[in-house]
Amino acid sequence: MSNLDPIYVTKPHLPPLEDFIPLLQQIWERRILTNNGPFHQELEDALCKYLGVKHLSLFSNGTIALVTALKALGVSGEVITTPYSFVATAHSLLWNNITPVFVDIDPVTFNLDPSKIEAAITDKTTAILPVHCYGFPCDVDAIQEIADRNGLKVIYDAAHAFGVNCHCGSVLNHGDLSILSFHATKVFNTFEGGAIICHDKDTKQKIDKLKNFGFVGETEVEATGINGKMNELQAAIGLLQLQSIDVAIDQRSVISSTYREQIEKIEGLSCPPPSSALHYNEAYFPILVKPEYRLSRDGLYEKLRQANIYARRYFYPLITDFSMYRHLFSSSPEKLPIANLVASQVICLPIYSTLSTEDLDRVLAILAY
Ligand SMILES: *Cc1c(COP(=O)(O)O)cnc(C)c1O
């Protein structure tokens with residue numbers, strides 16, 4: 001075992017503590033702790049501006065946002081989604097009594113392969129739930145075309161895609177709704193938190209009603225709402241994080257370039273091509289460990305652990321490998337060859353704004369050794 005300090009796959013970004021104190025004082029003075037408070041409203045406005053989206057509704061976390069988004073659109077029956085994601089993507093469907101139908105991914109972007117979607121559509125299909133995996137944009141035009149042709153809704157799990165821009169501005173403007181996560185491990189965090197992005201005021205009103213138990217005014221409840229509200233502490237942290245997010249992403253970008261430059265020289269390791277995004281958030285740094293490498297993927301993973309470096313095998317196992325999803329017709333590995341291959345080769349390397357050059361060199365030394 002190495003006695004060097006541990007390096008984790010990410011380290012949450014935090015504002016200086018002294019900047020948080022005046023905001024805490026305001027919360028204490030106002031005694032407004034939650035329920036669409038002033039910081040909550042301010043953060044919704046600030047995020048709309050920063051992200052380049054029209055309407056955004058904050059949530060207590062990304063999973064409740066996903067569950068609520070599906071509810072808001074009345075999605076039912078079957079939904080086409082990816083096995084190559086965090087389990088919350090598929091869980092949000094089960095919470096709405098929807099059957100997930102898993103479709104294989106593209107080997108370059110790791111996102112749903114549009115050319116395989118239509119074969120999975122049945123008369124029960126009502127929507128597509130793609131993920132912008134690692135913040136790499138999905139083929140949004142191809143997906144929208146398929147959705148339009150078949151009368152389907154599109155809800156993007158954009159948990160990784162904070163601040164990602166594609167050919168026509170924010171990638172979050174695609175589909176009917178997009179969902180963000182502000183979990184501690186994400187590029188932009190409010191400790192726990194999330195949001196739904198929508199395109200019009202009426203939809204935002206509906207979402208805001210659903211996240212507050214379904215209340216309309218004080219005396220009427222008209223939907224099976226939930227408690228998905230973000231509180232004032234979370235919103236205050238979010239306002240501070242926003243001030244330094246661009247610097248943090250720039251720092252991630254320097255790390256990402258160094259990794260890319262060094263790893264391209266190592267036989268058997270490959271980096272995905274630079275993101276097609278016009279502005280990428282450097283949320284993750286996945287590499288593939290090919291058969292030509294001198295160690296297996298798990299061999300490398302263990303070797304890093306022995307050096308006190310905790311890289312993560314996102315997304316291994318696939319959602320379709322979990323016992324509770326394995327029995328589904330669409331989960332069989334023969335139907336998902338690319339997802340299974342990528343899941344067997346991937347490792348996400350440590351990347352965060354404060355990763356030091358020394359620590360980066362420690363990671364690279366293990367890879368190259
Ligand atoms: C983090 C994540 C979620 C869940 O977000 P939480 O805020 O942790 O509930 C959903 N989908 C994906 C792809 C994620 O990475």
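Heavy atoms only: backbone and side chains are in, while hydrogens, waters and symmetry mates are out. Counting starts at 1 for both ligands and their atoms, following the listed order.
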Regarding atom 1 (C) of ligand 1: of the candidates His183, Lys186, His160, which has the closest heavy atom? Lys186
Could you check atom 10 (C) of ligand 1 against the protein and tell me its nearest heavy-atom contact, residue, atom and distance included? Asp157 OD2, 3.6 Å
Does ligand 1 have any atom that is closer than 4.0 Å to a heavy atom of Gly194? no
Decide whether an N or O pair under 3.5 Å exists between Gly62 and ligand 1. yes
Can you give the donor-acceptor pairs under 3.5 Å from side chains of residues 331-347 to other protein atoms, not counting sequence neighbours?
unit_1: Ser331; atom_1: OG; unit_2: Tyr325; atom_2: O; d: 2.7
unit_1: Ser332; atom_1: OG; unit_2: Lys335; atom_2: NZ; d: 3.3
unit_1: Lys335; atom_1: NZ; unit_2: Phe329; atom_2: O; d: 2.9
unit_1: Asn340; atom_1: ND2; unit_2: Leu336; atom_2: O; d: 2.8
unit_1: Ser344; atom_1: OG; unit_2: Leu341; atom_2: O; d: 2.7

Consider only side-chain heavy atoms of I, L, V, M, F, W and Y, link residues closer than 4.5 Å, and tell whether Ile319 and Ile98 are in one cluster. no
Ligand-residue contact atoms, ligand 1 with Ser85, heavy atoms, under 4.0 Å: 13 (C)
Does Ser181, backbone or side chain, put an N or O under 3.5 Å from an N or O of ligand 1? yes
For atom 12 (C) of ligand 1, grab the closest protein heavy atom and report residue, atom and distance to one decimal in Å. Ala159 CB, 3.4 Å
Check the side chains of Ser170 and Asn173 for a donor-acceptor pair under 3.5 angstrom, ignoring hydrogens and angles. no
Out of the candidates Thr68, Asp208, Asn36, only one should pair with Ser57 under the side chain to side chain donor-acceptor pair (under 3.5 Å) rule; please name it. Asp208
Quick look: Glu192 vs ligand 1, heavy-atom contacts under 4.0 Å, and the answer is neither
Could you check whether Tyr301 and Arg297, counting side-chain N and O atoms only, form a donor-acceptor pair closer than 3.5 Å? no
Would you mind checking if Glu145 and Arg149 are paired as a salt bridge, meaning a charged N to carboxylate O distance below 4.0 Å? yes
Should one rank Phe182, Phe86, Tyr314 by closest heavy-atom distance to atom 3 (C) of ligand 1, which comes out on top? Phe86
Mind checking whether Val131 and Tyr84 have side chains closer than 4.5 Å, heavy atoms only? no
Contact between ligand 1 and Gly193 is defined here as a heavy atom of the residue under 4.0 Å from a ligand atom; is it met? yes
Side chains of His13 and Ser244: donor-acceptor distance under 3.5 Å anywhere? yes
Ligand 1-proximal atoms of Thr63, by part, heavy-atom distance under 4.0 Å: both
